[in-house]
There are 2 protein chains.
Amino acid sequence: MLEKERGNAAQVALGGAGERARRQPLRQPSIKDIARLARVSHPTVSRALQNSPLVNPATAAKIRKIAEAAGYRPSAVARGLVTRRTRTVGLVVTTVADPFAGEVACGIEQAANDHGYAVFLANSNADAECERKMVQALAERRVDGIIVTSSRVGSDYLPMLAELNVPMVLVNDQYPGEFVHSVMIANENGSRAATEHLIELGHRRIAYVGDRSGYQTETERLEGYKQALAAAGIEYAAELAVHGDGRPEAAVAAMDGLLKLADPPTAVCCYNDMTAMGAMRAIRTRGLRVPEDVSVTGFDDLFFAKYLEPSLTTVRQPMRRMGQMAMENLLKLMSGEDSVAQVKVEAELVVRGSTGRAGANPGLKVETGGTRASGAGRRNG
Amino acid sequence: MLEKERGNAAQVALGGAGERARRQPLRQPSIKDIARLARVSHPTVSRALQNSPLVNPATAAKIRKIAEAAGYRPSAVARGLVTRRTRTVGLVVTTVADPFAGEVACGIEQAANDHGYAVFLANSNADAECERKMVQALAERRVDGIIVTSSRVGSDYLPMLAELNVPMVLVNDQYPGEFVHSVMIANENGSRAATEHLIELGHRRIAYVGDRSGYQTETERLEGYKQALAAAGIEYAAELAVHGDGRPEAAVAAMDGLLKLADPPTAVCCYNDMTAMGAMRAIRTRGLRVPEDVSVTGFDDLFFAKYLEPSLTTVRQPMRRMGQMAMENLLKLMSGEDSVAQVKVEAELVVRGSTGRAGANPGLKVETGGTRASGAGRRNG
DNA sequence: TTGTAGGCGTTATCAT
DNA sequence: ATGATAACGCCTACAA
């Protein structure tokens with residue numbers, strides 16, 4: 001439409017209050033512009049726009065009308081500079097493309113948005129150095145707080161925390177320790193429940209396909225598995241506890257190794273749903289069936305779990321809710337409350353079609369899985 | 001000039017220059033603080049930190065050392081205020097928990113990060129009003145650009161674009177029209193390829209399970225399906241084209257309706273992988289098998305597609321790459337280049353186990369799917 | 001090579 | 001109820 005009229009739409013619409021054209025990236029109207037148009041001082045405009053009671057209702061209305069007409073939008077950056085609070089938080093994840101991280105991010109974003117906060121997204125790609133850089137970058141952006149999800153360098157945050165002096169909340173992170181605030185799932189309980197479920201179904205030879213060893217989440221889930229075995233008087237066999245990397249590809253290989261054992265397992269407890277997905281593929285590829293030949297459990301209850309064939313018995317994490325809780329904790333921290341600390345979220349076993357009685361191998365059965373779920377531990381959502 | 005020596009961590013660490021404690025949110029050191037410590041003026045510090053050649057290497061080194069020791073971090077907000085460029089972009093998605101959006105977001109974040117930009121995440125929850133609000137909020141944050149993914153109100157952005165005067169790039173959006181910049185997948189081609197594949201396998205009675213009707217992406221994919229039918233001389237049957245909502249739950253119901261037809265389809269072309277996942281569930285629930293009884297195709301090639309049983313034949317979208325392209329286009333737009341416009345990305349058929357010859361029903365066959373993929377259209381990644 | 005003097009768009013602190 | 005005036009932390013002239 002108009003070509004050289006760099007004067008922004010607002011000013012043009014108002015009758016060309018712009019004295020001279022700007023070469024700058026098209027300045028948005030400021031309170032000073034509005035003040036000039038309304039024939040008042042900028043502070044008055046500022047007050048009017050904040051619905052301050054200190055301003056005459058009539059002038060306030062007039063100012064708001066003018067601001068509206070001018071397409072005025074307050075600058076959060078200028079406000080942030082003077083108030084020293086940007087109403088911005090940083091979210092560090094390995095990658096949002098990961099379904100778990102996506103769900104958590106969704107919960108965080110929701111809660112943040114509800115409170116007028118914006119969320120900076122930072123992917124660390126599971127690289128510690130990169131992760132550190134991202135946190136630094138967030139600090140430069142002057143975020144009011146930071147949430148780190150599924151980090152593998154959680155312990156490194158303690159010194160950072162002190163240095164950056166920015167409130168932080170960790171979600172399912174590595175060694176949150178005593179000094180930081182966190183939201184964690186009850187890994188041991190969840191994993192134990194899954195394993196107990198398999199034991200109840202008569203399984204004795206139960207394998208575990210984990211994440212890379214050494215991480216807290218992995219260690220805790222493995223521990224839950226061991227606890228359940230011990231409680232049932234089943235001896236832990238090191239050959240049955242193998243490692244993947246939390247992704248299906250590695251799980252295929254790990255599971256295949258288990259199936260090649262002289263005495264292969266009849267059930268497998270997986271670190272997470274992605275791992276379970278890979279394990280199921282490995283089982284099917286060998287011509288075996290789930291759950292008739294091998295029962296499988298996951299962890300997370302990602303959206304696809306109930307749509308796998310058979311649908312996956314898994315341990316549910318309320319991922320969105322956890323994100324929301326993390327954000328709410330962070331909000332408290334940012335407002336000065338130093339009370340909240342470590343939040344432990346209970347995990348819930350969701351029994352579906354991928355687990356069945358040990359030795360229950362009714363020959364050729366085509367309709368595996370489906371909605372065949374026992375009543376126990378059904379999801380409440 | 002300033003009599004009140006605001007104490008801060010840096011100064012304290014450097015020898016306790018802070019006279020008295022502050023109740024403020026603990027100010028970070030500024031260039032002025034560094035200047036005082038280095039006994040130079042702030043502009044000199046500013047220049048030194050920007051590696052300006054206008055500053056004496058010796059003093060520059062000294063300044064950098066002091067800044068480092070003081071834990072100085074430049075304030076992006078102050079810089080943004082003066083430069084009028086925040087090096088920040090907004091990303092609007094329905095929800096990052098959606099795998100497609102997550103992948104695109106990942107690509108965007110990557111590219112943004114590579115260029116020193118930070119990404120604001122904004123979930124619209126598929127609500128037009130909310131989406132509009134998020135864009136306004138981003139404008140107040142003074143983002144340099146905005147990317148909108150899978151919006152259903154794409155056309156509404158034209159007026160917004162003019163009003164906000166912020167460069168925008170849309171990814172797989174609704175009616176991008178002539179005036180906005182976009183990255184779109186070749187929906188018709190992709191859908192046509194999938195349908196042609198089914199036709200080549202001998203199918204004649206091919207159904208289509210779409211998204212809610214009226215959206216451009218949906219319309220185009222349906223169109224591709226129709227084109228393939230027409231080219232093969234198969235008459236389009238309205239009863240075989242049904243609607244879901246892009247999510248598995250709705251697809252289960254839609255597919256079930258198709259299976260209840262007097263003359264049910266032997267193949268179904270689905271709007272996306274989520275829909276295909278639901279369709280497969282509906283098929284199995286009825287005691288039918290994929291692909292022996294019904295062949296299924298998806299669209300997207302989400303991470304789980306190859307792990308479904310049978311693995312899903314689908315049309316691949318290079319999602320991360322598309323996000324990256326969108327960001328790169330946005331970078332150009334933000335730097336003033338007004339050249340880039342509508343980018344169309346080719347879709348690639350990936351043949352896997354969920355599609356098979358029509359009428360090829362070899363009785364009870366347990367090992368469905370797996371890695372049984374024909375050579376045609378294999379992914380190159 | 002360095003320092004001085006604005007100004008970015010707000011809010012905050014005083015006056016009036 | 002309103003208006004000057006001064007920050008906030010940085011950058012960019014321009015002056016020295």
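Given the structure is predicted, the values throughout are model-derived calculations rather than measurements. By convention in this document, chain letters (A, B, ...) are assigned in the order of the sequence lines, proteins followed by strands, and residues within each chain are numbered from 1.
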Nucleotide [N], atom [atom2] - distance to [atom1] of [X] in whole Å:
X	N	atom1	atom2	value
A:L54	C:dT13	CG	P	12 Å
B:Y72	D:dC10	OH	C1'	7 Å
B:N51	C:dT1	CG	P	15 Å
A:I31	C:dC8	CD1	P	12 Å
B:R85	C:dG9	CZ	C1'	18 Å
A:I63	D:dA1	CD1	P	13 Å
B:R84	D:dC10	CZ	P	18 Å
A:R36	D:dT2	CZ	C1'	18 Å

Next on the checklist: When the axes are fitted on five pairs at both termini, how much does the helix from C:dT1-D:dA16 to C:dT16-D:dA1 curve, in 10° steps?
Outcome noted: 40°
Next on the checklist: Let me spell it out: for each of B:N56 and B:V82, pick the nucleotide of DNA chain C with the closest heavy atom. Which residue's pick is nearer the 5' end?
Outcome noted: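 This one resolves to B:N56.
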Next on the checklist: A:R73: which residues meet the salt bridge (Lys or Arg N to Asp or Glu O under 4.0 Å) condition with it, sequence neighbours left out?
Outcome noted: B:E163
Next on the checklist: Between B:T86 and B:R142 (side chain of the first, backbone of the second, donor and acceptor by atom type, cut-off under 3.5 Å), is there such a pair?
Outcome noted: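 Answer holds: yes.
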Next on the checklist: Could you report the tightest heavy-atom contact between B:A112 and B:V119, atom names first, then the distance?
Outcome noted: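 Taking every non-hydrogen atom into account, CB-CG2, 3.6 Å.
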Checklist entry - Got a salt bridge between A:R27 and A:D33, using NZ or NE/NH1/NH2 to carboxylate O under 4.0 Å? => result yes
Next on the checklist: Before you tell me yes or no, could you show the steps for A:V96 and A:N123 under side chain to side chain contact (heavy atoms under 4.5 Å, CB included), namely the whole-Å CA-CA distance, both residues' side-chain angles and the distance that decides it to 0.1 Å?
Outcome noted: CA-CA 7 Å; A:V96 268; A:N123 291 1; 4.0 Å; yes
Next on the checklist: Regarding B:T88 and A:R141, do their side chains bring together a donor and an acceptor under 3.5 Å, going by distance alone?
Outcome noted: yes
Using only side-chain N and O atoms of [X], determine if any of them is under 4.0 Å from OP1 or OP2 of [N].
X	N	value
A:S30	C:dC8	no
A:T59	D:dT2	yes
B:R27	D:dG9	yes
A:R79	C:dT11	yes

Checklist entry - Considering only heavy atoms, which members of residues 40-50 of chain A lie under 4.0 Å from some atom of DNA chain C? => result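 Heavy-atom cutoff 4.0 Å gives A:P43, A:S46, A:R47, A:Q50.
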Next on the checklist: Given B:V89, which partner from the list B:L331, B:V169, B:L330, B:I146 fulfils the side chain to side chain contact (heavy atoms under 4.5 Å, CB included) test?
Outcome noted: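 With B:V89 as partner, B:L331, B:V169, B:L330, B:I146 yield a single side chain to side chain contact (heavy atoms under 4.5 Å, CB included), made by B:L330.
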Item to check | Distance (rounded to the nearest 0.5 Å) between B:R79 CZ and B:R85 CZ | outcome: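 One finds 12.0 Å between CZ of B:R79 and CZ of B:R85.
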Item to check | B:K62 atom NZ, over 12 foreign heavy atoms within 6.0 Å | outcome: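 Buried by this count: over 12 neighbours within 6.0 Å.
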